[in-house]
Each structure stands twice: as C-alpha cells, then as structure tokens.
2 protein chains.
Amino acid sequence: MNKRIRIKDIAERAGVSTGTVDRVLHKRGNVSQKAKEKVLAVMKDLDYEPNIIASTLALNRTLRIDSLLPDFTTDVYWQQPKLGMEKALQAVQHYGIINRPYYFDLFDTISFKKAVKKILDDPPEAILFAPIFLEESMKLLEECARRKIPVAMINTDIRNVKSLCYVGQDSYHSGVLGGKLLDFGLNEGEAAMILNLGKETSNAKHVINKEQGFRDYFTQNSSKNIEIVKSAFEDFDQQEELKNYIMEQLRTHQHVRGIFVINSRAYKLINCMESAALKNIKIVGFDLIQPNLEYLQQNKISFLINQNPVQQGYLGIMNIVGHLLFKKEVEPIQYLPLDIIVNENVEYYLQRELQFDLVI
Amino acid sequence: MNKRIRIKDIAERAGVSTGTVDRVLHKRGNVSQKAKEKVLAVMKDLDYEPNIIASTLALNRTLRIDSLLPDFTTDVYWQQPKLGMEKALQAVQHYGIINRPYYFDLFDTISFKKAVKKILDDPPEAILFAPIFLEESMKLLEECARRKIPVAMINTDIRNVKSLCYVGQDSYHSGVLGGKLLDFGLNEGEAAMILNLGKETSNAKHVINKEQGFRDYFTQNSSKNIEIVKSAFEDFDQQEELKNYIMEQLRTHQHVRGIFVINSRAYKLINCMESAALKNIKIVGFDLIQPNLEYLQQNKISFLINQNPVQQGYLGIMNIVGHLLFKKEVEPIQYLPLDIIVNENVEYYLQRELQFDLVI
DNA sequence: AAAACAACCGTGTGCGCACACAGTTTTGGT
DNA sequence: ACCAAAACTGTGTGCGCACACGGTTGTTTT
C-alpha cells in the first residue's frame with residue numbers, strides 16, 4: 001500500500017459522494033441500504049482506515065478528562081501518579097485533550113464526595129481516579145456507568161462494577177513477591193513480620209490481599225518453618241508513639257528476622273529502629289519515594305517493590321485516550337510489573353520517570 | 001488559555017499575513033527584519049505552539065525509517081526488539097511514518113555490510129540499528145553523521161561517534177546486579193562463575209563490561225571471599241560439545257555455587273547440567289525468552305535480568321519520531337531499567353509486552 | 001392532481017497549516 | 001530618470017475529514 005486510502009477513493013469506487021461515505025462511516029443521517037452495502041464493501045476491500053489526523057483537525061473538539069486523586073501533600077507517594085498523568089496529558093494535548101484535576105484528602109471521605117459532586121455536576125468525557133474509599137467509589141462508578149462516562153482506575157481495583165479499566169498492581173502477588181524477597185534473608189525457624197502502617201479506612205482490600213499473598217508464599221514455597229507475625233499501627237505520623245510500638249513489637253517477637261512493610265512507609269519503620277536491630281532484620285518495602293531511596297542506598301532496606309505509580313497515571317490517561325479517540329478495545333485489567341528494586345538497579349527506574357515526556 | 005493560538009492570530013496581532021508568519025516559523029523565503037521581529041515577539045507573547053495535527057495533514061509527507069536488526073531466526077532474542085519496533089511504528093503510522101526493515105546474520109559481517117550499502121544507496125530519514133559489529137557499525141555511524149541522517153542504536157552502545165541516541169541496558173551495571181543476585185545464594189569461600197555462551201565476534205565490549213561489573217560487585221560489596229571463575233564457549237549450538245565443556249568446567253571448579261550467564265542462553269547451560277548439580281548451583285541469566293522462562297518456572301533459574309528488548313525497539317523508534325516530527329531534544333544515552341525477574345513477577349513483564357499496542 | 005413530508009444525496013465550507021505563485025515594493029546599475 | 005533584479009508580501013489552494021444545508025426523488029396525505 002503506497003498511498004493512504006481516503007474517503008474520496010472509497011466514494012469513487014462505490015459510485016457515491018464523499019458525504020455518503022462519511023455518513024456510512026459515522027452512522028449518521030440517512031443512507032440507503034444499497035449505498036451502505038457498497039460503501040462498506042469497498043472500505044473492506046481497500047482496508048480503509050480513517051485518517052485520525054484529518055479527523056481531529058476537522059472536528060476541532062476539546063475533550064475533557066477529569067482526574068480525582070489523593071492530595072499529594074498528605075502522602076508524597078501520590079505525586080507520582082500525578083506526574084505520570086501530566087506527562088500523558090502533555091503527550092496527547094495536540095488532540096484537544098484537556099484535564100481538570102481534583103484532589104481529595106486520603107483520610108476523609110467528605111472531600112472525596114465533594115469532588116465527586118462537582119465532577120458529576122459538570123460531567124467530563126472521562127474520568128481517571130484512585131478508588132481509595134470503596135463504598136463511595138462504587139457509587140461513582142455506578143453513576144458513571146449509568147451516564148456512560150468512561151472511568152479508568154488506578155492503584156486499587158474495584159470489580160463487579162463496570163469501568164473502562166484498572167491500571168495498577170496485583171496486590172495479592174505483590175504479597176507473594178514480598179514473601180519471596182524476605183525469604184532470601186531468613187533461616188530455619190525464624191519469623192517474618194507483615195507490617196501495615198496505614199489507616200483502617202484506606203485500602204482494606206489491598207491489605208488483605210497482600211497479607212494473603214505473603215502467607216501463601218511461605219505456606220507453598222518455603223521449607224524453613226517461618227512464623228508469620230501480623231502487625232499494624234495507625235498513628236504512624238506520631239513519631240514517639242510509632243517508635244514505642246515498633247520497639248515493643250520487636251521485643252515481643254524476637255525471632256523476627258524480616259519485615260515486609262505493605263505501604264510505602266518503610267522509612268518510618270527504619271526511623272524507629274536501632275542500628276543493631278537493623279543489622280539483623282531484612283526489610284522489604286514499597287515505592288521509590290525519597291526517604292525510602294535513602295535507606296535503600298544505605299542497605300537498610302533490602303528490596304523495594306515498585307508499584308509503578310508514574311506509569312499508572314500515564315497509562316490510565318492513555319487508555320482513556322485510546323478509547324475516546326482511537327476507538328480501541330481496552331483491556332479491563334492491566335497489572336503493571338512488580339519491579340524488584342535494589343540499590344544496583346534503582347537508578348534506571350528513577351531515570352525512566354524523568355524520561356517519560358519523550359513518548360508521544 | 002481557552003482557545004488554541006493559530007498562525008492567523010499571530011498574523012493579526014503582528015499586522016502581517018499568515019504567509020509571513022509561516023515564513024518566519026519555518027525560516028523560509030524572505031522576511032524583513034522588522035516583520036520577523038514582530039512575529040517572533042507575538043509568538044512568544046502568546047506562547048504559540050504549532051498544531052502538529054494540522055502541520056502533518058498539510059505536509060502530507062511520508063517519512064521512512066530503515067531498521068537494521070539481527071535476523072531473529074538465528075537467535076530468538078531478536079524477535080523482541082522487532083516486536084517493540086513494530087508496535088511503535090503502528091502507533092505513529094498516522095503521522096506518515098513508514099519502515100523498511102533489513103536483517104543481518106548475527107555472526108556474519110558480510111550480511112551487515114550488504115544491508116548497510118542498500119540503506120545508504122537509498123537513504124531514509126532515519127535509521128534504527130543494533131551495532132553488533134563494532135567496526136562496521138562505526139563506519140555506518142560516521143557516514144550517517146556526515147549525511148545528517150539521525151541514527152538510534154539499541155542493545156549495544158557505541159560512544160565517540162555522533163548518533164541520535166542509544167536505548168538499551170547499561171552492561172557494566174547489569175554485571176554488578178548479576179553479582180548481587182548471585183550473592184544471595186553464596187556462602188563464605190564458595191566460587192561464582194561468569195559464563196559467556198557467545199561468539200568472539202559479537203559484543204566484546206558488552207562482555208567485558210558485564211564481567212567487570214560482576215567482579216567489582218564482589219570486590220566492593222561482598223565480604224564472603226568469593227572466587228570468580230571466568231568461562232566461555234563459542235560452539236554453544238553443538239549440544240554434545242557444550243555438555244562436555246560444562247561438565248568439565250564444573251569438575252574443575254568444584255566450589256562454584258553460582259553461575260552468571262551473560263547472554264540470553266542460560267537455558268543451554270541448564271540443558272547440560274544434571275539435577276544434582278542444579279540443586280547446588282544458583283543460576284542468574286538474561287532475557288525472558290521461552291526456554292529461559294520454562295526453567296525459571298521450574299526454579300532452575302533463580303533470576304533473569306530483563307534487558308527490556310521490546311522497549312528498546314519501541315523507544316528507539318519513538319525517539320526518532322520525537323526528533324523528526326516534534327523537534328524534541330533527545331537524551332543521547334537512555335538506559336532501560338534492569339528488571340529483576342523471578343517466577344513470582346515474570347507474568348507482568350510478559351503481559352506488558354502484549355499490551356504495548358495500547359499506547360498511542 | 002397537488003401539496004406536504006421524509007428519505008436520500010451531493011456540494012460547499014471550514015478545521016490549521018504548508019507552500020506555490022503572482023503582485024508590489026525596494027534596491028542597484030546604467 | 002529608467003529599467004531590471006531582488007526582496008518582500010498577500011492570496012489562494014490543498015491536505016483528509018466532519019458535517020451543515022439545500023436540492024431531488026419518492027411516498028403519503030388531502
């Protein structure tokens with residue numbers, strides 16, 4: 001195929017005008033059955049593909065994607081999906097895609113509900129959001145399904161309600177992987193702790209899945225008789241209280257030789273541990289945020305599991321755009337790789353985030 | 001900014017015609033200094049950005065990117081950069097980008113030189129290639145620099161000659177990482193082998209870098225007194241000879257408890273090893289090709305390091321396109337992450353390769 | 001039979017830009 | 001002063017598509 005097939009070529013071959021071809025193409029206006037069949041046959045024969053460039057120019061439209069993400073001033077982790085989202089938006093700006101961002105307090109459903117109301121009062125073409133609050137998020141999804149607004153989710157997966165897609169990690173298998181990585185540092189008869197430094201209101205399903213995966217790893221794979229200790233502390237921003245809690249936990253569970261921190265806050269754990277304890281305990285955490293990176297470099301953290309938050313934001317937008325503009329089929333569940341990060345390879349992941357704006 | 005700024009808006013504001021604005025924009029034809037300054041000032045004031053969509057349509061041009069990759073029938077690894085390249089080409093097809101692919105024999109410089117001649121006899125707008133043969137590749141790069149043909153390299157990095165970019169792995173640090181990953185399975189006083197199942201003619205620099213990185217890891221990080229054993233075998237396609245060689249190597253170096261295979265052919269090593277030996281020796285290899293994946297699943301390979309070959313092909317093309325179409329600055333050296341692959345996370349990397357066509 | 005309505009269709013215009021071409025102004029030479 | 005050439009500029013056209021609008025034909029109603 002040397003020359004791109006145009007609707008003019010289709011029209012000539014089918015013996016109709018370009019207006020008729022356009023009407024068949026867009027299922028618009030009236031076209032006789034006879035003309036329709038002729039046009040469709042020629043399109044198929046010539047393998048016609050619309051010129052998205054010309055279509056975009058002619059349409060001269062603006063499509064708005066509203067985003068609803070946790071406020072990154074509450075938790076630095078959320079700067080990263082925002083970064084990925086912004087880079088994707090930059091890449092597709094010339095297609096007339098614009099964004100209206102909304103933020104909510106990670107620990108306050110009121111702010112989430114307020115933002116949802118604003119979004120639905122002036123509905124966009126599509127929504128990208130992080131479903132931190134299960135019940136409220138399901139309501140948003142149901143309403144969007146009713147209004148046929150495509151929704152892409154990141155970070156947390158909600159099933160049983162229709163959405164365009166989920167882009168994020170598989171929390172169960174991140175728990176399995178955490179088990180595997182901790183296992184390298186464990187000997188026969190020692191104990192491993194799974195530590196949740198998070199609030200009860202957020203991501204309960206994630207927590208359960210990670211723990212289950214972690215336990216299943218040791219049940220099914222490790223022959224070292226490892227005891228699993230579960231631990232959780234909500235007031236992780238209270239330094240003294242957290243320190244007391246950690247010290248007490250380590251005293252109570254003296255066989256613990258590995259800790260799997262299931263949120264991005266492994267650094268808060270390490271802030272509370274004495275050097276001697278750190279030498280004897282391997283720590284596996286999540287996410288390449290600055291305080292974690294410093295401890296990884298100091299080998300106080302053995303592994304970080306990268307949830308690819310930048311890519312979540314990026315691909316969330318790209319999937320929406322692919323659906324809206326290119327009429328692409330979208331895979332409903334898209335798990336991102338569970339990157340294993342050590343001091344020797346972390347640099348490349350950090351560079352990757354910076355280079356995202358090279359992608360069209 | 002509610003409405004996109006057009007050249008018409010610039011023209012009105014500067015008191016000239018759109019033809020003059022176009023001439024200033026493209027440094028074409030004649031424009032008086034006075035008009036030029038006015039136009040540039042308005043452009044800057046209004047933060048004008050050309051509409052790439054309209055520009056592409058008006059230009060109605062075809063840009064050809066020639067690719068020069070090793071023949072994937074010789075080595076299955078090379079199917080993957082080809083796949084990434086094809087997906088990128090698909091994504092940018094509507095910009096009028098076409099591809100002419102050339103393939104060469106991985107172990108025969110003649111085929112490479114023949115392909116180079118064909119490319120240069122009918123020069124494309126840009127070239128994507130894998131510089132397997134150092135000397136011949138440098139000649140190609142010098143000629144392209146002379147003719148101002150942008151070249152993107154993947155898999156092997158050639159410095160000191162001008163090119164658009166290199167997208168690939170950092171071979172030194174992949175050696176370092178290999179050392180780290182093997183170190184998990186090693187005890188005091190044991191030995192680690194670095195095994196090269198490759199031909200002398202290919203990628204010598206890569207080999208040297210990986211080995212150096214591997215050695216440096218143990219020198220600088222491991223306190224276990226690990227002896228490093230270097231081993232290489234060229235006739236890796238001769239099953240009996242390879243088996244004899246491996247058996248002899250394992251007899252000679254009985255303290256070897258870990259083997260780092262520095263090409264993608266770890267599976268060939270495992271084909272030659274007896275079950276008993278496999279239980280005592282950890283193996284770290286490269287690349288998610290089918291035979292390796294099977295052994296990873298069977299836990300005969302402990303880790304694979306993913307060189308991201310699909311992404312190399314993909315980003316090689318995307319960088320060229322960004323440069324040609326969007327006049328983007330391209331980062332000259334782009335190292336891809338060194339993914340650590342275990343049985344528990346491999347699935348996500350495989351799925352990622354399949355989903356690439358969702359990206360615009 | 002005439003009028004009204006619906007189905008159907010072709011034509012024209014515009015989206016923002018690239019660039020060819022012809023007209024106007026300026027400059028240089030005689 | 002006159003002429004030719006060069007510099008400069010505005011205008012028109014086309015890229016492929018989306019879609020509004022008016023004209024034609026066929027059908028239904030009066």
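Letters A, B, ... are given to chains in the order of the sequence lines, protein chains preceding strands, and every chain is numbered from 1. Fair warning: this is a prediction, and the values are worked out from it, not measured in the lab.
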Heteroatom pairs (N/O) under 3.5 angstrom, protein to nucleotides 25-29 of chain C:
none

Quiz prompt | Residue pair A:V24, A:L40: steps toward the side-chain contact (heavy atoms from CB on, under 4.5 Å) verdict | solution = CA-CA 8 Å; A:V24 173; A:L40 288 173; 3.8 Å; yes
Quiz prompt | Interatomic distance, A:K8 NZ vs D:dA18 P [rounded to whole Å] | solution = 16 Å
Quiz item: If you measure only the distance, is there a donor-acceptor pair under 3.5 Å linking the side chains of B:Q33 and B:E37?
Solution: yes
Quiz item: Are the ring centres of A:Y102 and A:F129 closer than 6.0 Å?
Solution: no
Quiz item: With a 4.0 Å cut-off on heavy atoms, is A:L59 in touch with a base, just the backbone sugar-phosphate, or nothing at all?
Solution: sugar-phosphate
Quiz item: For the pair made of NZ in A:K38 and P in C:dC8, what is the distance, rounded to whole Å?
Solution: 14 Å
Practice problem: Estimate the overall bend of the helix from C:dA1-D:dT30 to C:dT30-D:dA1 from the end axes over five pairs each, rounded to 10 degrees. | Solution: 50°
Quiz item: Between C:dG10 and A:T20, is there an OP1 or OP2 to side-chain N/O distance shorter than 4.0 Å?
Solution: yes
Exercise. Would you tell me if any nitrogen or oxygen in the side chain of B:N60 comes within less than 4.0 Å of OP1 or OP2 on D:dG16?
Key: yes
Quiz item: Just how far, in rounded Å, is C1' of D:dG14 from CZ of A:R6?
Solution: 11 Å
Quiz item: Any Lys/Arg nitrogen of B:K118 or B:D66 sitting under 4.0 Å from an Asp/Glu carboxylate oxygen of the other?
Solution: no
Quiz item: Toward the 5' end of DNA chain D, which comes first, A:E49 or A:R23, by nearest nucleotide?
Solution: A:E49
Quiz item: Should B:Y48 be listed as having a side-chain N or O under 4.0 Å from OP1 or OP2 of C:dC17?
Solution: yes
Self-check item: Spacing of B:N30 atom CG relative to C:dG23 atom P, expressed in whole Å
Solution: 18 Å
Quiz item: Between B:T18 and A:T56, which has a closest nucleotide on DNA chain D that is more 5'?
Solution: B:T18
Exercise. Go through B:E143 and B:R147 one step at a time and tell me if the salt bridge (charged side-chain N to carboxylate O under 4.0 Å, His left out) criterion holds.
Key: CA-CA 6 Å; B:E143 184 62 24; B:R147 301 191 194 191; 2.8 Å; yes
Quiz prompt | Residues A:E136, A:K139; criterion salt bridge (charged side-chain N to carboxylate O under 4.0 Å, His left out); working and verdict | solution = CA-CA 5 Å; A:E136 290 79 11; A:K139 282 182 182 164; over 6 Å; no
Quiz prompt | Atom-pair distance (CD on B:Q33; C1' on D:dT9), nearest Å | solution = 16 Å
Quiz item: Rounded to the nearest Å, what distance is computed from the CG atom of residue B:D22 to the C1' atom of nucleotide C:dA18?
Solution: 6 Å
Practice problem: Find the distance B:R28:CZ to C:dA18:C1' and express it as a whole number of Å. | Solution: 6 Å
Quiz item: Looking for any heavy atom pair under 4.0 Å, which part of the strands does A:N51 touch: base, sugar-phosphate only, or nothing?
Solution: sugar-phosphate
Quiz prompt | Donor-acceptor pair between A:R352 and B:N308 side chains, under 3.5 angstrom | solution = no
Quiz item: Where do B:T62 and B:E125 come nearest, in terms of heavy atoms and distance?
Solution: O-OE1, 4.2 Å
Exercise. Look at B:S17 and D:dT9 and indicate whether a side-chain polar atom (N or O) is within less than 4.0 Å of OP1 or OP2.
Key: no
Quiz item: Is it the case that A:Q334 and A:N319 place a side-chain donor and acceptor less than 3.5 Å from each other?
Solution: yes
Exercise. Could you tell me whether the phosphate oxygens of D:dC15, OP1 or OP2, come under 4.0 Å of any side-chain nitrogen or oxygen in B:Y95?
Key: no
Quiz item: Only one of B:F104, B:Y103, B:W78 clears ring-ring contact (aromatic ring centres under 6.0 Å, His included) with B:F72; which?
Solution: B:Y103
Quiz item: B:L57 has a side chain; which of C:dA18, D:dC17, D:dC15 sits nearest to it?
Solution: D:dC15
Quiz item: Below 4.0 angstrom from OP1 or OP2 of C:dC9, is there any side-chain N or O of A:S32?
Solution: yes
Quiz item: Is there a side-chain polar atom (N or O) of B:H26 under 4.0 Å from OP1 or OP2 of C:dC19?
Solution: no
Self-check item: Between C1' of C:dG16 and CG of B:L46, the distance in whole Å
Solution: 16 Å
